[in-house]
Asks: 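First the structure, which I've put down as structure tokens, then a few questions once you've had a look.
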Amino acid sequence: MKNGDHLFLVDGSGFIFRAFHAIPPLNRKSDGLPVNAVSGFCNMLWKLLTDARDTSVGVTPTHFAVIFDYSSKTFRNELYDLYKANRSAPPEDLIPQFGLIRHATRAFNLPCIEKEGFEADDLIATYTRLAEQAGASVTIISSDKDLMQLVTPNVSMYDSMKDKQISIPEVIEKWGVPPEKMIDLQAMTGDSTDNVPGIPGIGPKTAAQLLEEYGDLDTLLARAGEIKQAKRRENIIANADLARLSRQLVTLRTDTPLDVPLEDFQLEPQDGPRLVAFLKAMEFTTLTRRVAAATDTDADAVEPATVPVEWGADARGPDLDKASAAPGPSSTGDAAPAGEGVSTGEAGEATPEALAQSRAALFASAAIDHARYVAIRDVATLDAWIADARDAGLVAFDTETTSLDAMQAELVGFSLALADYAKDPAGTVIRAAYVPLIHKTGVGDLLGGGHAENQIPVRDALSRLKVLLEDPSVLKVAQNLKYDYLIMKRHGITVKGFDDTMLMSYVVDAGNGTHGMDALSERWLGHKPIAYKDMTGSGKSSVTFDYVDIDRATAYAAEDADVTLRLWHVLKPRLAAKGLVRVYERLERPLVPVLAHMEERGITIDRQILSRLSGELAQGAAALEDEIYKLAGETFTVGSPKQLGDILFGKMGLPGGSKTKTGQWSTSAQVLEDLAAEGHELPRKIVDWRQMTKLKSTYTDALPGFVHPDTKRVHTSYALAATTTGRLSSSDPNLQNIPVRTAEGRKIRTAFIATPGHKLVSADYSQIELRVLAHVADIPQLRQAFADGVDIHAMTASEMFGVPVEGMPSEIRRRAKAINFGIIYGISAFGLANQLSIERSEASDYIKKYFERFPGIRDYMENTKAFAREHGYVETIFGRRAHYPDIRSSIPSHRAFNERASINAPIQGSAADIIRRAMVKIEPALSEAKLSARMLLQVHDELIFEVEDAEVERTIPIVVSVMENAAMPALDMRVPLKVDARAAMNWDEAH
DNA sequence: GTCCGACCGTA
DNA sequence: TTACGGTCGGACG
């Protein structure tokens with residue numbers, strides 16, 4: 001580079017964010033890929049380059065480069081832990097565009113520059129000063145104020161979106177100081193978006209005024225005592241150190257080590273076909289035409305480029321045709337190219353599948369070495385481990401506590417595990433440590449023991465741990481992180497930057513066994529970990545973990561962290577190999593904090609209501625018992641189906657209905673109802689007694705026992721990885737099966753109440769599974785009915801039986817409704833006959849008629865079964881897999897069961913995916929709207945919020961809109977989603 | 001103490 | 001006919 005040359009540096013990362021927010025959403029037509037920032041970027045570059053080659057325009061670059069941020073962790077994090085710590089994850093629609101814009105840069109035949117550990121700004125600063133020293137002039141394409149410190153007579157900036165030049169006068173006009181004072185000004189004002197602290201109470205105007213008066217920051221700090229305004233004086237004196245730190249943070253480095261010399265930025269001629277190929281792949285028709293014309297390229301002769309799309313870290317594009325049509329043999333989805341998720345070092349592995357397999361083989365035979373476990377009992381050692389973890393950027397983490405209930409558990413210690421990649425790049429050499437915190441001495445001692453010696457004080461250990469866990473640039477790997485997340489949250493630590501091996505396994509293997517650590521360890525590592533019970537004992541003689549001897553606890557806890565880290569090394573590439581990174585990153589991982597927060601909030605119940613109900617139910621059941629004994633002629637255990645069966649079908653000689661699978665006469669409600677309908681008195685009483693005792697034992701008696709002693713609320717626990725289909729489950733207590741169908745049962749719902757000054761808001765999807773079915777099977781009548789908002793069951797009846805919807809008998813509609821549900825469940829004549837209490841032949845006729853009217857449904861069901869048989873799994877519309885390994889069973893009933901389940905899974909699972917997406921989006925949407933509503937519960941198609949009275953009206957439309965649009969933008973459904981929402985004092989009235 | 005089957009609450 | 005979790009009785013050790 002020489003005197004008179006002109007260097008253009010594009011701040012690529014800055015442009016991406018700005019373009020994304022400034023340019024309206026734009027999606028690639030063929031598949032919905034968001035491309036608005038890519039489009040803005042390409043148009044901007046094209047204009048700059050066109051002008052550059054037009055010598056009649058004043059500024060003509062001789063050198064050109066686009067600079068990007070490499071990662072979020074830079075040397076600034078060493079200076080200040082919290083630097084950029086408040087940055088939230090980029091919007092979903094922006095994520096795939098990061099990679100695309102780098103591809104675009106290369107397609108433009110321009111250098112694409114980034115360097116690990118440095119921000120784009122530092123690279124820009126370094127190149128700028130180098131070019132300046134060589135006598136060249138520089139134009140930085142950016143409007144970021146952080147870069148204004150670089151402006152000199154030879155260096156200016158250009159805001160391409162506003163077509164505005166920024167030179168020395170513009171900086172002074174905007175900030176009141178010349179560029180060389182921008183550093184001091186920023187040091188004083190701070191920057192909330194980057195979390196640069198600055199001096200509180202000092203804004204740009206005051207800062208400029210002070211700099212005018214004192215010249216620079218050091219002088220100001222030295223002479224701060226002279227400031228007249230008392231408040232301002234105190235603030236500056238008290239925060240002098242913060243200001244100095246801030247100055248370090250905002251000062252751009254001009255000594256960044258460079259991989260690419262300036263000379264390589266020499267502007268090359270445009271490669272027309274290459275650029276056209278990229279633009280065609282993006283489907284930017286106008287720009288394609290323009291570029292083709294300007295570069296003399298025959299656009300029709302150019303094939304669109306293959307541009308890998310990285311949705312998150314996944315390389316698999318959103319193949320919507322496949323995702324939305326009935327799954328067929330053609331869609332294997334397994335042949336995805338490598339994504340970032342596997343770029344952990346093994347350059348020799350050609351494909352993700354090969355890497356996943358070699359990793360699995362490696363870890364299956366790698367020995368677990370307990371000699372590499374230590375107990376950490378002093379702060380210096382802990383600091384060293386944490387420093388190593390931060391250097392490595394990857395650490396397994398696990399907590400040991402006194403309870404399985406994360407809301408009540410007491411933290412006893414924690415463990416860390418690190419891979420030594422120098423010893424083995426694949427990660428099989430692992431060291432692990434346990435940090436005991438509150439272990440006691442004297443197990444078995446009746447008085448309990450005293451505090452064991454040489455344990456780091458909890459406060460000291462947690463303050464160290466906080467730095468590690470809250471650093472998003474260090475990946476924390478945990479098994480069932482939601483538990484540890486809650487434990488740490490209760491200690492004021494919010495884990496950021498994590499992977500969860502349980503969820504990774506769930507995404508890869510839902511339906512193939514369980515996903516607990518012991519099972520995964522045996523499955524993938526061939527290693528049976530030390531059992532928890534071996535530490536604490538079980539039953540009456542068990543102790544809590546704080547009474548376990550520290551040496552033994554270390555062996556157990558360190559092994560858990562070790563195993564977790566090993567599992568991560570196996571499962572991460574497996575995720576990529578199967579093209580499931582996107583499912584994991586968008587439908588599983590983000591739900592961890594969301595669910596943890598819901599569990600932490602809990603919900604208030606009115607114990608008085610429940611206790612009154614308990615009394616009423618006890619009285620009612622006792623009265624019924626007396627009558628039952630009278631009718632039976634003896635006393636017996638009413639709750640024993642065996643004894644009841646003997647009375648009803650033995651002693652009293654009533655006709656038995658069905659048998660249970662163990663051969664006993666069934667006493668199910670259905671059987672008893674049938675007997676009651678024939679005029680028998682006893683069965684009716686049994687049914688009533690069962691309902692009362694069920695409500696009492698499962699709900700009114702049990703729920704008060706779950707009220708948390710401190711919060712006075714009930715905190716359920718959601719399982720993310722328990723179901724085959726992708727639904728959540730709830731336990732301890734299960735709040736997803738609170739009664740609603742009977743009037744008696746609904747009384748229990750009135751005990752779920754809002755805190756004073758608030759309302760409960762319930763928002764539920766209307767007919768979401770039938771809508772999903774209409775979408776995936778693409779049934780014209782169903783789509784039309786949902787588009788028109790008509791009664792779907794009545795429409796079905798009308799289609800099937802030719803009865804007009806107006807004045808339709810309720811029995812006809814009821815049957816159609818049962819059929820609709822049956823379809824979702826993978827209908828059989830046997831099941832439908834049972835449900836409707838009709839003959840199997842009649843049910844069979846119904847099904848036949850249904851399929852005649854809706855042949856697309858039969859096609860969908862047949863295709864799904866065939867897909868499941870071929871692949872052993874089925875997929876939801878978002879690509880989640882549910883495995884049915886027994887679908888090829890030689891036992892016909894097993895096979896049929898698996899076929900029905902695999903027909904149901906894409907429907908139930910897609911609905912589950914949709915509400916998961918809504919749950920991830922809802923908290924940001926509420927805070928964006930400055931609303932304080934708190935999501936408390938999820939019941940499969942319903943979300944329950946606690947909302948301040950004054951905010952109810954503004955909250956409901958936001959919740960409804962997020963839920964109704966939850967499939968977007970990943971998927972544009974062919975059927976609208978409908979959500980009903982209501983507010984009330986209790987759950988019964990809100991629902 | 002632990003497990004399993006029957007039953008029943010929800011979507 | 002799908003997906004769950006909780007309670008109970010009863011059998012096992």
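Values below: all heavy atoms of this structure, side chains included; hydrogens, waters and symmetry mates excluded. So you know, we letter chains A, B, ... as the sequences are listed, proteins then strands, and number each from 1.
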Asks: So which protein nitrogen or oxygen atoms get under 3.5 Å of nucleotides 11-13 of chain C's nitrogens or oxygens?
Replies:
none

Asks: Does the side chain of Y584(A) come within less than 4.5 Å of Y506(A)'s, by heavy atoms?
Replies: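 Not touching, per the 4.5 Å side-chain cut-off.
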Asks: Can you name the salt bridge (charged side-chain N to carboxylate O under 4.0 Å, His left out) partners of D732(A), sequence neighbours left out?
Replies: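 Checked D732(A) against salt bridge (charged side-chain N to carboxylate O under 4.0 Å, His left out); zero matches.
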Asks: Looking at DNA chain C, which of residues 810-823 of chain A put a heavy atom within less than 4.0 Å of it?
Replies: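 Those residues whose heavy atoms fall under 4.0 Å from DNA chain C, taken from residues 810-823 of chain A in numerical order, are A818(A), G822(A).
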Asks: Run the salt bridge (charged side-chain N to carboxylate O under 4.0 Å, His left out) test against K747(A) and tell me which residues pass, sequence neighbours left out.
Replies: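 Only E744(A) meet the salt bridge (charged side-chain N to carboxylate O under 4.0 Å, His left out) criterion with K747(A).
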Asks: Quick check on dA3(C): is either OP1 or OP2 less than 4.0 Å from any side-chain nitrogen or oxygen of T725(A)?
Replies: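 So the side-chain polar atoms of T725(A) never come under 4.0 Å of the phosphate oxygens OP1 or OP2 of dA3(C).
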Asks: Specify the separation, in whole Å, of atom OH of Y699(A) and atom P of dG6(C).
Replies: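 That distance rounds to 10 Å.
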Asks: Could you tell me the separation between the CG atom of N734(A) and the C1' atom of dA3(C), rounded to a whole number of Å?
Replies: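 Those two atoms, CG and C1', are 12 Å apart.
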Asks: F545(A) vs Y532(A) aromatic rings, parallel, tilted or perpendicular, using cut-offs 30° and 60°?
Replies: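 Parallel: the ring planes of F545(A) and Y532(A) meet at under 30°.
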Asks: Could you give all pairs that pass the salt bridge (charged side-chain N to carboxylate O under 4.0 Å, His left out) test and reach residues 814-841 of chain A, with sequence neighbours left out?
Replies: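 Residue pairs passing salt bridge (charged side-chain N to carboxylate O under 4.0 Å, His left out), neighbours aside: E811(A)-R814(A), E811(A)-R815(A), R815(A)-E842(A).
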Asks: Please, which pairs that meet ring-ring contact (aromatic ring centres under 6.0 Å, His included) have at least one residue in residues 811-848 of chain A, sequence neighbours excluded?
Replies: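 Sorted pair list: F801(A)-Y846(A).
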Asks: For the side chain of Q908(A), starting at C-beta, report the closest nucleotide among dG5(C), dT2(C), dT1(C).
Replies: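 Minimum distance to the Q908(A) side chain belongs to dT2(C).
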Asks: Can you tell me how far the OG1 atom of T698(A) sits from the CD1 atom of I738(A), to the nearest 0.5 Å?
Replies: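 Output value for this atom pair is 9.5 Å.
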Asks: Could you note down all residue pairs passing salt bridge (charged side-chain N to carboxylate O under 4.0 Å, His left out) where residues 687-700 of chain A supplies at least one of them, sequence neighbours left out?
Replies: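 Those involving residues 687-700 of chain A are R684(A)-D688(A), K696(A)-D701(A).
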Asks: Nearest whole Å is fine: how far is dC8(C) C1' from F636(A) CZ?
Replies: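 Result: 15 Å.
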Asks: Any chance you could lay out the salt bridge (charged side-chain N to carboxylate O under 4.0 Å, His left out) test for R727(A) and E769(A), step after step, and finish with the verdict?
Replies: CA-CA 13 Å; R727(A) 274 194 177 179; E769(A) 294 191 346; 3.4 Å; yes
Asks: Check every nucleotide of DNA chain B for an atom under 4.0 Å from a heavy-atom of chain A, then give the first and the last such nucleotide from 5' to 3'.
Replies: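 The contact span of chain A on DNA chain B goes from dT2(B) to dA11(B).
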Asks: Within residues 661-672 of chain A, find the residues that approach DNA chain B with a heavy atom at under 4.0 Å, and present them sorted by residue number.
Replies: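 By residue number: K661(A), T662(A), S666(A), T667(A), S668(A), A669(A).
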Asks: For DNA chain C, find the residues of residues 828-845 of chain A with a heavy-atom distance under 4.0 Å and give them by number; none if there aren't any.
Replies: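 The answer is F830(A), G831(A), L832(A), Q835(A).
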Asks: Checking R869(A) now: which residues fulfil salt bridge (charged side-chain N to carboxylate O under 4.0 Å, His left out) with it, not counting sequence neighbours?
Replies: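 With neighbours one apart ignored, the set is E899(A).
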Asks: Which whole-number value in Å describes the distance from Y506(A) OH to dC4(C) P?
Replies: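 Atom-to-atom, Y506(A) to dC4(C), this comes out as 8 Å.
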Asks: With sequence neighbours left out, write down each residue that passes salt bridge (charged side-chain N to carboxylate O under 4.0 Å, His left out) with D913(A), or none if nothing qualifies.
Replies: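 Expected list: R880(A).
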Asks: Does the side-chain ring of Y825(A) lie flat on the base of dT2(C), meaning centres under 5.5 Å and planes less than 30 degrees apart?
Replies: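 Stacking is present between dT2(C) and Y825(A), given that their ring centres fall under 5.5 Å apart and the planes under 30°.
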Asks: Heavy atoms only, 4.0 Å cut-off, all strands: where does T693(A) land among base, sugar-phosphate and nothing?
Replies: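 Result for T693(A) = nothing.
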